Amino acid sequence: MTLSPDHTSVKDTWTDARLLFALEEVVEKELNRHLAVAKDWMPHEYVPWSEGRNFDGPLGGEPWAPEQSKVTDVGRTALVVNLLTEDNLPSYHHEIATLFGRDGAWGTWVHRWTAEEGRHGIVMRDYLLTTRAVDPVELENFRMRHMSEGFEFDHPDSMLHSVSYVAFQELATRISHRNTGHHSGDPVCDRMLARIATDENLHMVFYRNLLRAAFELAPDRTMCAVRDVVVNFRMPGHGIPGFERAAARMALGGIYNMRIHHDDVLQPVLRFLKVMDVPGLGPEGQRAQEEIGMFMSGLDSEARKFDERLAARLARQAARREN
């Protein structure tokens, strides 16, 4: 890797094409590391098939009813959001294949990542339908609506923004899956989502390490991309029907909220990258660095207020149960 940072012309010096070429060696190294540590697993082994039975319809089975579900109410909400997010994999593949390419180490990673992500949707759907955890008709209607809209990165023409986004998003998805399992009320569901979360963590490590290499090459442009992603972060499932209501339930249920986003997603990645200590920044990079610091401070304050409101809400609920 012979290219070096140059602050004289941030936008002109580092085009996406040059960055893709310069980072190819890092991608190959991270791909080999990933393949050495990733463990193949079989989705069918995590599904309790013996609990399955026919639904109503052509096979004349039993209609779905809420009381058939083993999982908690918040678990059911989160499971639907998490699965619908995974369902949009064709759009995600299109986005990263368009930006990263289909050849060389980049292309090998794109296809490997897609294949691994595909397992998540398979096992989650099989589990949900076999255990009758959610309404299958509503789930399919949501899937059709959500996938019909597709997905597009907020910065579809920027490779750096996309790498920055997935570095945080993969960790956010891991946290969402893991917490959903903890709050599901079903040990089988918890074990399945723990397996998925392991994959998501490995994916996060790949993109996080790639982002670190980008900082070494183009610190100003990378800092600006991280700033844009952190300040405007949205989960990939934000287009799911009823997403805002579902996100509110998940926040109150302790699955994913501002405190978790700040402490368990943004902070770990920013700390690993030493974003607030990156040296040699030009004016544009320094400005972006300061804005990240200001945003994180503000988010922490907002999360503290959320924590206080949530604690008061839980106290009221506990008092009502006692009376």
Side-chain angles (χ1 to χ4, degrees), residues 55-57 63-92 94-95 117 120-154 165 168-186 189-190 192-193 196-197 200 232-262 264-265 299 302-303 306 309-310 313-314 317:
F55 286 99
D56 56 328
W64 182 83
E67 59 270 16
Q68 297 168 357
S69 178
K70 290 182 178 180
V71 300
T72 61
D73 289 342
V74 69
R76 190 155 57 243
T77 296
L79 282 164
V80 170
V81 169
N82 291 356
L83 175 55
L84 292 176
T85 299
E86 299 287 355
D87 274 335
N88 241 353
L89 182 60
S91 284
Y92 308 148
H94 176 268
E95 289 292 291
E117 288 286 344
H120 304 168
I122 291 170
V123 70
M124 288 181 68
R125 183 173 299 280
D126 287 346
Y127 165 82
L128 294 181
L129 296 180
T130 299
T131 63
R132 294 179 172 245
V134 302
D135 183 344
V137 175
E138 183 179 70
L139 181 65
E140 177 60 10
N141 288 338
F142 280 167
R143 187 189 72 85
M144 289 296 294
R145 289 172 58 188
H146 184 46
M147 290 191 68
S148 295
E149 295 180 4
F151 172 83
E152 184 178 54
F153 285 126
D154 287 336
Y165 176 75
F168 293 100
Q169 174 266 316
E170 291 284 3
L171 182 52
T173 304
R174 175 214 169 198
I175 295 296
S176 180
H177 282 312
R178 201 67 193 95
N179 287 343
T180 298
H182 290 330
H183 290 276
S184 68
D186 181 9
C189 179
D190 191 24
M192 172 192 66
L193 291 177
I196 293 174
E200 303 291 9
N232 301 295
F233 184 85
R234 298 191 297 173
M235 290 293 276
H238 61 80
I240 292 171
F243 177 78
E244 291 185 0
R245 290 194 304 276
R249 294 192 196 104
M250 292 166 67
L252 294 173
I255 290 176
Y256 201 95
N257 53 44
M258 281 190 290
R259 174 54 62 199
I260 293 170
H261 184 59
H262 178 279
D264 299 338
V265 177
L299 180 61
E302 289 299 313
F306 173 84
R309 292 194 298 269
L310 180 58
R313 175 189 175 93
L314 294 175
Q317 291 176 343

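Everything numeric in this text was worked out from a predicted model, so none of it was measured.
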### Message
Give me each pair satisfying salt bridge (charged side-chain N to carboxylate O under 4.0 Å, His left out) with a member in residues 127-144, each pair once, sequence neighbours excluded.
### Response
E140-R143
### Summary
Residues at least two apart in sequence or cross-chain that pass ring-ring contact (aromatic ring centres under 6.0 Å, His included) with Y127, listed by chain then number, are none
### Query
If every non-hydrogen atom of D126 is compared with every non-hydrogen atom of T130, which pair is closest and at what distance?
O-OG1, 2.7 Å
### Task
Give the intermediate values and the outcome of side-chain contact (heavy atoms from CB on, under 4.5 Å) for residues H177 and T180.
CA-CA 5 Å; H177 282 312; T180 298; 5.7 Å; no
### Query
Going by distance alone, is a donor N or O of one side chain under 3.5 Å from an acceptor N or O of the other, for Q169 and T173?
yes
### Summary
In this structure, OG1 of T85 is separated from CD1 of I240 (nearest 0.5 Å) by 3.5 Å
### Message
Applying side-chain contact (heavy atoms from CB on, under 4.5 Å) to N82 and S176, what does each step give before you reach the verdict?
### Response
CA-CA 8 Å; N82 291 356; S176 180; 3.1 Å; yes
#### Entry: Contacts of type side chain to side chain contact (heavy atoms under 4.5 Å, CB included), residue S184, not counting sequence neighbours
V71, D186, C189
### Separation between CG of L84 and CE of M147, rounded to the nearest 0.5 Å
10.0 Å
### Query
Which atom pair, heavy atoms only, marks the closest approach of R174 to A197?
CG-O, 3.4 Å
Distance-only check: which donor-acceptor pairs under 3.5 Å involve side-chain atoms of residues 241-258, not counting sequence neighbours?
unit_1: Y256; atom_1: OH; unit_2: H261; atom_2: ND1; d: 2.7
unit_1: N257; atom_1: OD1; unit_2: R259; atom_2: N; d: 3.2
unit_1: N257; atom_1: OD1; unit_2: I260; atom_2: N; d: 3.0
unit_1: N257; atom_1: ND2; unit_2: A251; atom_2: O; d: 3.1

#### Entry: Minimum heavy-atom distance G239-E149, with the two atoms named
O-OE1, 3.5 Å
### Query
Is any side-chain heavy atom of R125 less than 4.5 Å from a side-chain heavy atom of L139?
yes
### Message
Nearest 0.5 angstrom please: L193 CG to L79 CG, how far?
### Response
6.0 Å
### Query
Is the shortest heavy-atom distance from the side chain of V81 to the side chain of M235 under 4.5 Å?
no
### Task
Look up atom CG in N88 and atom CD in E95, then write down how far apart they are to the nearest 0.5 Å.
10.0 Å
### Task
With side chain to side chain donor-acceptor pair (under 3.5 Å) as the test, would you mind laying out the steps for H120 and E200 before giving the verdict?
CA-CA 10 Å; H120 304 168; E200 303 291 9; 3.3 Å; yes
### Query
Counting distance only, does the side-chain N/O of Q68 pair as donor-acceptor with the main-chain N or O of P63 below 3.5 Å?
yes
### Summary
For E86 and M124, the nearest pair of non-hydrogen atoms, with its separation, is CG-SD, 4.2 Å
### Query
Have H146 and D87 got a donor and an acceptor in their side chains that come within less than 3.5 Å?
no
### Task
Taking side chain to side chain contact (heavy atoms under 4.5 Å, CB included) as the test, write out the residues that go with P136, two or more places apart.
F55, W64, L129
### Query
With H94, which residues qualify under side chain to side chain contact (heavy atoms under 4.5 Å, CB included), at least two apart?
T98
